[in-house]
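Because the structure is a prediction, the values reported are computed rather than measured. Convention: sequence-line order gives letters A, B, ...; per-chain numbering from 1.
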Number of protein chains: 2
Amino acid sequence: MANIKSIAKLAGVSVTTVSRVLNNHPYVNEATRQKVQHIMEKEGYRPNSSAVHLIKGHTDRVGVIVPNSHPYFQAILSGVMDEAAKSGYGTLLYQSRYETQEEHKALQLLSTKQIDGLLFCSRALELEAIAAYAKYGPIVTCEYTENEQIAAVYTDHYEAFQKGMQYLIQHSHRAIGYCVGRADSASSQARYLAYKTLLHEHGEVLHPEWIFTNCTEIKDGIRVIDTLMKMEERPTALLVTGDEAAAGVILRAQALGLRIPEDLAIIGFDNLPISEALGLTTIDQHLQEIGREAFRTFYNSRNVEVKDIARSSKTVIPFELVERSSV
Amino acid sequence: MANIKSIAKLAGVSVTTVSRVLNNHPYVNEATRQKVQHIMEKEGYRPNSSAVHLIKGHTDRVGVIVPNSHPYFQAILSGVMDEAAKSGYGTLLYQSRYETQEEHKALQLLSTKQIDGLLFCSRALELEAIAAYAKYGPIVTCEYTENEQIAAVYTDHYEAFQKGMQYLIQHSHRAIGYCVGRADSASSQARYLAYKTLLHEHGEVLHPEWIFTNCTEIKDGIRVIDTLMKMEERPTALLVTGDEAAAGVILRAQALGLRIPEDLAIIGFDNLPISEALGLTTIDQHLQEIGREAFRTFYNSRNVEVKDIARSSKTVIPFELVERSSV
DNA sequence: GTGAAAGCGCTAACAT
DNA sequence: ATGTTAGCGCTTTCAC
């Protein structure tokens, strides 16, 4: 295949000149430029990125690691890509399926200089294992993290959950249950705390069986309703962290004859596309903005040394309750 | 940051020796290897991939382009990744959102040698535009394509649809409608042909209003039922190309009091995870196998010249009807 | 406005 | 078992 040398020879110029037209350098004679460009086209010449990255010392590309392709992560991702494009950066998507091995592979993209930085939308790996790679380039998570080598952009899940609870309480609900994703995540812990605290403040007892974990997809919402229907005492309202799961709850509940919100009130999370179609009241965490800000955080710490403060910046993105008709 | 030269100096050996321990070359003195490895670790040294790719002339990585993260594409992707891993290949995921500009970007990864080949799960770009890149490396599509520069691994959609129609007809259905994804895709055309032909063979008239397009997600299935309920004359069975959309159909139909399959029979496609949860009868196209075969096709034509036959191989993957309880 | 030459970090003959 | 050396394809001083 053609390379810069063969193009130079064919055009009767030096490789420097070819490089100049390649990079839209000024001070290249118009006729020369035309000629070189014509030959490039004719030869189907394209610069070898490995060579370019090697000599430039960077790739102008960030990695984004998502466990799966859930709309939640797609929303963050779209924010990242959008903001990255503005700065002339490309994004390299990496799916981990929450496997630590895959996350290690993504981190190795960073250490082997295939990407300039890495953004974690979620993680399975321990913070310390991730932090060990901070010396190779900026790492940003979209979840709260204490670690001082890793920057974070996140929602205050305690407050968001509190807000949801208060809204349900205002609407006369006392028997409230909830559904979360991974049981042991930091956000789930914050939510449990908010739940327990508010229940206690209102003198309600906590029903452990009204807490559902591993709820992320529509089928999980279906499962929740099926489980709920077998209970003698049922909640009148459900806080569901994730509109997809909430959609499953609504659809299944309706399929079984329950009216929303009269028989069961629902608050979802994330304001995903499906929530609008179903009239689902939801708490919008502004996921796209989280993605945007995560990229900006990377961008601003590109040339900053590891030890520097900027690398460990923590940014809270505000949330917002979107009222529709499910409460 | 450390590079091979600094490691060599620190270890008191040549860069060749460092390179040898890096690549697990035999004929390296055990003591030397230990020493070099120790220093690498201490220095946090990782080889620069751009340099490696540059000199090797390949990246051992294929690009996989998907329009979005629909479970359909995830299934193909998992087949690709699985098979790629077996051959020591990595995968580079690229989301196009069916935007030609994004597909061009992915193709440029190929022409600039960031990937060794490119697999299209679906496409927005015209075949000719894609074929123009075939000279840079093997391109494989997971849809039927005539082009002789592009290999293809696909389902015979005419036969699959025929099979579904026949199954419904065997179950006494005559009023049959269907839902497809993109209206103008090759597969949609094949399906329309199968539909028209079978209807004609059984002396049935074609109801254009029973043909729904742009049905890929759950919300689309919801829409279909909502539209259907407003019709005076309704089909008794629906063929839905995509289990997600079929799930929406089922859930919404049940929510509105219809019984499946008594009031409405459904056949889905793809045998996606959700179909099992809903007892959905579906036509399994073996998407994962399509992905696997797509990678193998790339792999086998790696070192083959463009002009060669292997590049344009066409492989049909057989489908299978999975009987559950929605018909 | 153009070119010669050095070098990015690595691998792989070839020599010893 | 180890080292010397010549590139891979490109960008970038520096000189003219």
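Judged purely by atom type and a 3.5 angstrom limit, B:Thr141 uses its side chain to pair as donor or acceptor with the backbone of B:Glu143. Of the possible polar contacts, none joining the A:Asn23 side chain to the A:His25 backbone as a donor-acceptor pair under 3.5 Å is found.
Regarding A:Gln114, its CD atom lies at a distance of 14 Å from the C1' atom of C:dC10, rounded to whole Å. Rounded to an integer number of Å, the gap from CD of A:Glu30 to P of C:dG1 is 11 Å. Protein atom NZ of A:Lys113 is 14 Å distant from nucleotide atom C1' of C:dC10, rounded to whole Å. In this structure, CG of A:Leu54 is placed 17 Å from P of D:dG7, rounded to the nearest angstrom. One interatomic measurement links the two molecules: NE2 of A:His58 to P of C:dC8, which rounds to 16 Å at whole-angstrom precision. In this structure, B:Tyr136 places its OH atom 15 Å from C1' of D:dG9, rounding to the nearest Å. As rounded to whole Å, 13 Å separates atom P of D:dT4 from atom NZ of B:Lys9. Rounded to an integer number of Å, the gap from A:Asn24 CG to C:dG1 C1' is 16 Å.
The side chain of A:Leu22 lies closest to D:dT11 when the candidates are D:dT11, D:dG9, C:dC14. Here the side chain of B:Tyr27 is nearest to one of C:dC10, D:dA1, C:dT11, namely D:dA1. Between C:dT2, C:dG9, D:dT11, one nucleotide has an atom nearer to the side chain of A:Ile4 than all others, and that is D:dT11. Of the candidates D:dT4, D:dT12, C:dT11, D:dT12 carries the atom nearest the A:Lys56 side chain, counting heavy atoms from C-beta on.
The phosphate of C:dC10 has OP1 or OP2 within less than 4.0 Å of a side-chain N or O from B:Tyr45. Of the side-chain N and O atoms in A:Ser14, none sit less than 4.0 angstrom from OP1 or OP2 of C:dA4. Dashed line: the shortest gap from a side-chain N or O of A:Lys5 to OP1 or OP2 of D:dC8 is under 4.0 Å. In this model, the phosphate group of D:dT11 is approached by a side-chain N or O of A:Asn23 to a distance below 4.0 Å at OP1 or OP2. The phosphate of D:dG9 has neither OP1 nor OP2 within less than 4.0 Å of any side-chain N or O from A:Asn48.
One end of the helix from C:dG1-D:dC16 to C:dT16-D:dA1 points its axis 40° away from the other end's axis, with each axis taken from 5 pairs and the angle rounded to 10°.
The aromatic rings of A:Phe73 and A:His70 lie perpendicular to each other, with more than 60° between the two planes, well past the 30° mark.
In this structure, a donor-acceptor pair under 3.5 Å is absent between the side chains of B:Ser6 and B:Tyr45.
Classification of A:Glu289 and A:Arg296 as a salt-bridged pair holds, one side-chain N sitting under 4.0 Å from a carboxylate O. For B:Arg123 and B:Glu103, the salt-bridge test fails: no basic side-chain N is under 4.0 Å from an acidic carboxylate O. Using a cut-off of 4.0 Å between Lys/Arg side-chain N and Asp/Glu carboxylate O, A:Lys314 and A:Glu148 are scored as not salt-bridged. The residues B:Arg292 and B:Asp82 are annotated as salt-bridged, a charged nitrogen and a carboxylate oxygen being separated by less than 4.0 angstrom.
Backbone-only contact: B:Thr17 has heavy atoms under 4.0 Å from sugar-phosphate atoms and none from a base.
Contact of A:Arg20 with C:dG3 (side chain to base): a donor-acceptor pair of N or O atoms is detected under 3.5 Å.
Position along DNA chain D of the nearest nucleotide to B:Thr32 versus B:Ile55 favours B:Thr32 as the more 5'-ward residue. Comparing B:Ser50 and B:Thr16 by the nucleotide of DNA chain C that holds the closest heavy atom to each, the one mapping nearer the 5' end is B:Ser50.
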